[in-house]
Number of protein chains: 2
Amino acid sequence: MSKTVSQPMLRRLPNYLMLLRKYHDTGIAFCSSSRIAEDLGLSSIQVRKDLQTVSDTPGVPNQGRDVKRLIDDLEGFLGYNDFSQAVLVGVGRLGSALLSYEGFREYNMKIVLAFDTRAHTPEMQSGVPIYHVNKLRQLVTRLHVQIGIIVTPSKSAQGVCDALVDSGVKAIWNFAPVHLSVPEDVIVYNENMAESLAFLSSKLRNKEEK
Amino acid sequence: MSKTVSQPMLRRLPNYLMLLRKYHDTGIAFCSSSRIAEDLGLSSIQVRKDLQTVSDTPGVPNQGRDVKRLIDDLEGFLGYNDFSQAVLVGVGRLGSALLSYEGFREYNMKIVLAFDTRAHTPEMQSGVPIYHVNKLRQLVTRLHVQIGIIVTPSKSAQGVCDALVDSGVKAIWNFAPVHLSVPEDVIVYNENMAESLAFLSSKLRNKEEK
DNA sequence: TAGATTGTTAATCGATTAACAATC
DNA sequence: TAGATTGTTAATCGATTAACAATC
């Protein structure tokens, strides 16, 4: 099938999956779009549209959709059937938090390796081995990891990024507040904590002014 | 002026501000939209549009815009003139990382207070006092804080959210992977770490299929 | 003056929402 | 059958991009 999917929709999909798993665990076999919509705070029309794009199995009028089948379709669509592996660079506070973050498992994501300039002898943290950054190219190349997470200080970010790309990484999740230059075929997703908070605060102000 | 601004634009604004401050520090007094665009990886047309919305001072043809003035306008627009204060609930790994995150200062954001169920005697972390959650209503109400950050386990999130809203909080930054129910006048911004990573991974897969 | 860069107006693009017929 | 819920097609909404005249 492989339709092209909009970014916002792609962000909603994992949430459907999580909710549907919850339904499944509570023994709910069928559910309507409007129910999902309510639980997720979306419009039912949007949910219907999204699920149609993702699943070939049509929904049943007056009954809704088969929860189990929908889970399978979503997992297939999102490519969760095999584990997605990632490496993390920069084991500071935020890096450590990500290493120990439980939520990744739920999305079949796993950080398999971490690097830091301070790690001299290989050590473990939250079950993930941490190596010195000078091992990065060697190890990442060997393991064929495709996703890199950059949690380094801004000034090291571009260098780390280059090393990751050289080692075959095709997608980068960047927490450093800088714009990274990458080849065209590499995807960068920027996460800026401070920006998010500032964004929220301005939204608040905008609202107050009205 | 107080124009309505689109969400994606509102997210770009803090980045302009950061870049312009960097220019200012290096003694650059004027800059063109195309330069900003290049440094930030955006299109120059978009930058021009954005800056027009934010600043009443027109740009000068063949010269660009006054960096200092633009900084002032952006700060004014984003409401950075007075500090924005936030409280954080849930001092786990991620919560701690946020408490110690340096980047907030740059956006004039400050976490002034934190709460956790494990904090029995008030303690300090990264310069922020941590109280037991049962002090939440009392302290947040008294300090008139408007922004709450929820970094608790999912099952506590809605309860904490209700308490924050009761105490006058008008904007919530939610890291728990659940949908929060709030009154209409309260803004919720959801941040889901796992979702972001999963999103990146599916994007990668979609690309590979092509 | 010539060239760069601006602001404005219109065109395009893409996502969400609405309306409604189809069906278990 | 009646009612709920579906899928499809069209309308709306909103953001980005393009084109171009204006100007220091």
Side-chain angles (χ1 to χ4, degrees), chain A residues 1 3-13 15-16 19-20 23 28-70 73-74 77 190 199 202-203 206-207 210, chain B residues 1 3-16 19-20 23 28-70 73-74 77 190 199 202-203 206 210:
Chain A
M1 48 174 171
K3 295 145 190 160
T4 26
V5 174
S6 79
Q7 289 222 3
M9 178 179 154
L10 203 45
R11 296 212 68 144
R12 289 191 295 271
L13 296 185
N15 296 318
Y16 294 136
L19 184 66
L20 286 162
Y23 289 167
I28 299 167
F30 279 82
C31 71
S32 70
S33 298
S34 38
R35 182 178 184 168
I36 298 177
E38 187 159 335
D39 284 353
L40 249 33
L42 303 168
S43 85
S44 71
I45 308 159
Q46 191 168 52
V47 174
R48 224 152 73 224
K49 259 281 157 80
D50 288 350
L51 297 185
Q52 273 169 44
T53 322
V54 164
S55 175
D56 282 337
T57 327
V60 184
N62 200 19
Q63 192 172 187
R65 280 173 167 281
D66 183 321
V67 173
K68 186 67 187 64
R69 170 146 274 159
L70 213 43
D73 285 345
L74 268 165
F77 193 92
N190 291 300
F199 166 72
S202 356
K203 242 182 120 176
N206 272 8
K207 196 159 196 177
K210 286 198 306 194
Chain B
M1 45 171 174
K3 295 143 189 160
T4 27
V5 173
S6 79
Q7 288 223 3
M9 178 178 153
L10 203 45
R11 297 213 66 145
R12 288 192 295 270
L13 296 185
N15 295 318
Y16 294 136
L19 185 65
L20 287 162
Y23 289 166
I28 299 167
F30 278 84
C31 70
S32 70
S33 297
S34 38
R35 180 178 186 165
I36 298 177
E38 187 158 337
D39 284 352
L40 249 35
L42 302 169
S43 86
S44 69
I45 309 159
Q46 191 169 52
V47 174
R48 221 151 75 225
K49 259 280 157 78
D50 287 349
L51 298 184
Q52 273 169 45
T53 322
V54 164
S55 176
D56 282 337
T57 327
V60 185
N62 200 19
Q63 195 173 184
R65 280 174 168 280
D66 183 320
V67 172
K68 187 67 186 70
R69 171 147 274 160
L70 213 42
D73 285 345
L74 267 166
F77 193 94
N190 291 300
F199 165 71
S202 0
K203 242 182 122 177
N206 272 9
K210 286 199 304 196

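Nothing here was measured: the structure is a model prediction, and the numbers come from that model.
- Atoms CZ and CG, on A:Arg65 and A:Leu70 in that order, are 5.5 Å from each other to the nearest 0.5 Å.
- Between the CG atom of A:Leu10 and the CD atom of A:Gln7 there is a distance of 7.5 Å, given to the nearest 0.5 Å.
- Side chain of A:Pro61, nearest nucleotide from D:dG7, C:dT16, D:dA4: D:dA4.
- The distance between atom CZ of B:Phe30 and atom C1' of C:dA4, rounded to the nearest whole Å, is 15 Å.
- Shown for residues 43-51 of chain B: residues whose heavy atoms fall under 4.0 angstrom of DNA chain D, namely B:Ser43, B:Ile45, B:Gln46, B:Arg48, B:Lys49.
- Counting to the nearest Å, the P atom of D:dG14 and the CG atom of B:Leu10 are 16 Å from each other.
- The residue B:Arg12 sits close only to the backbone: its heavy atoms come under 4.0 Å of sugar-phosphate atoms, none of a base.
- For D:dG7, one of the phosphate oxygens OP1 or OP2 lies less than 4.0 angstrom from a side-chain nitrogen or oxygen of A:Gln52.
- Using a 4.5 Å cut-off on side-chain heavy atoms (C-beta onward), A:Asp73 and A:Thr57 make contact.
- Residues A:Leu74 and A:Leu13 meet the side-chain proximity criterion, which asks for heavy atoms closer than 4.5 Å.
- Regarding contacts with the backbone of C:dG7, a side-chain N or O of B:Arg65 is found under 4.0 angstrom from either OP1 or OP2.
- Here the C1' atom of nucleotide D:dT16 and the CG atom of B:Leu42 are 12 Å apart, to the nearest Å.
- Side-chain contact check for B:Val67 versus B:Phe30: every heavy-atom pair is 4.5 Å or farther apart.
- Atom CD1 in A:Ile36 sits about 12 Å away from atom C1' in D:dT5, given to the nearest Å.
- The side chain of B:Asn62 lies closest to C:dG3 when the candidates are C:dG3, D:dG7, D:dT16.
- Here the P atom of nucleotide C:dT16 and the CD atom of A:Gln7 are 11 Å apart, to the nearest Å.
- Using modelled atom types, no side-chain atom of A:Arg69 and backbone atom of A:Ser55 make a donor-acceptor pair closer than 3.5 Å.
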Table please: side-chain donor-acceptor pairs of residues 34-49 of chain A below 3.5 Å, with sequence neighbours left out.
{"from": "A:Ser34", "atom 1": "OG", "to": "A:Ser32", "atom 2": "OG", "distance (Å)": "3.1"}
{"from": "A:Asp39", "atom 1": "OD2", "to": "A:Tyr23", "atom 2": "OH", "distance (Å)": "2.6"}
{"from": "A:Ser43", "atom 1": "OG", "to": "A:Gln46", "atom 2": "N", "distance (Å)": "3.2"}

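- Considering only side-chain N and O atoms, B:Ser33 lies under 4.0 angstrom from the phosphate OP1 or OP2 of C:dT6.
- Here the straight-line distance linking atom CG of A:Leu51 with atom CG of A:Leu20 works out to 7.0 Å at 0.5 Å rounding.
- Between A:Phe77 and A:Val5 the shortest side-chain heavy-atom distance falls below 4.5 Å.
- Take the nearest nucleotide of DNA chain D for B:Pro8 and for A:Val60: the residue whose nucleotide is more 5' is A:Val60.
- DNA chain D forms stems at C:3-24 with D:3-24, each a run of 3 or more consecutive Watson-Crick or G-U wobble pairs whose two key distances fall under 3.5 Å.
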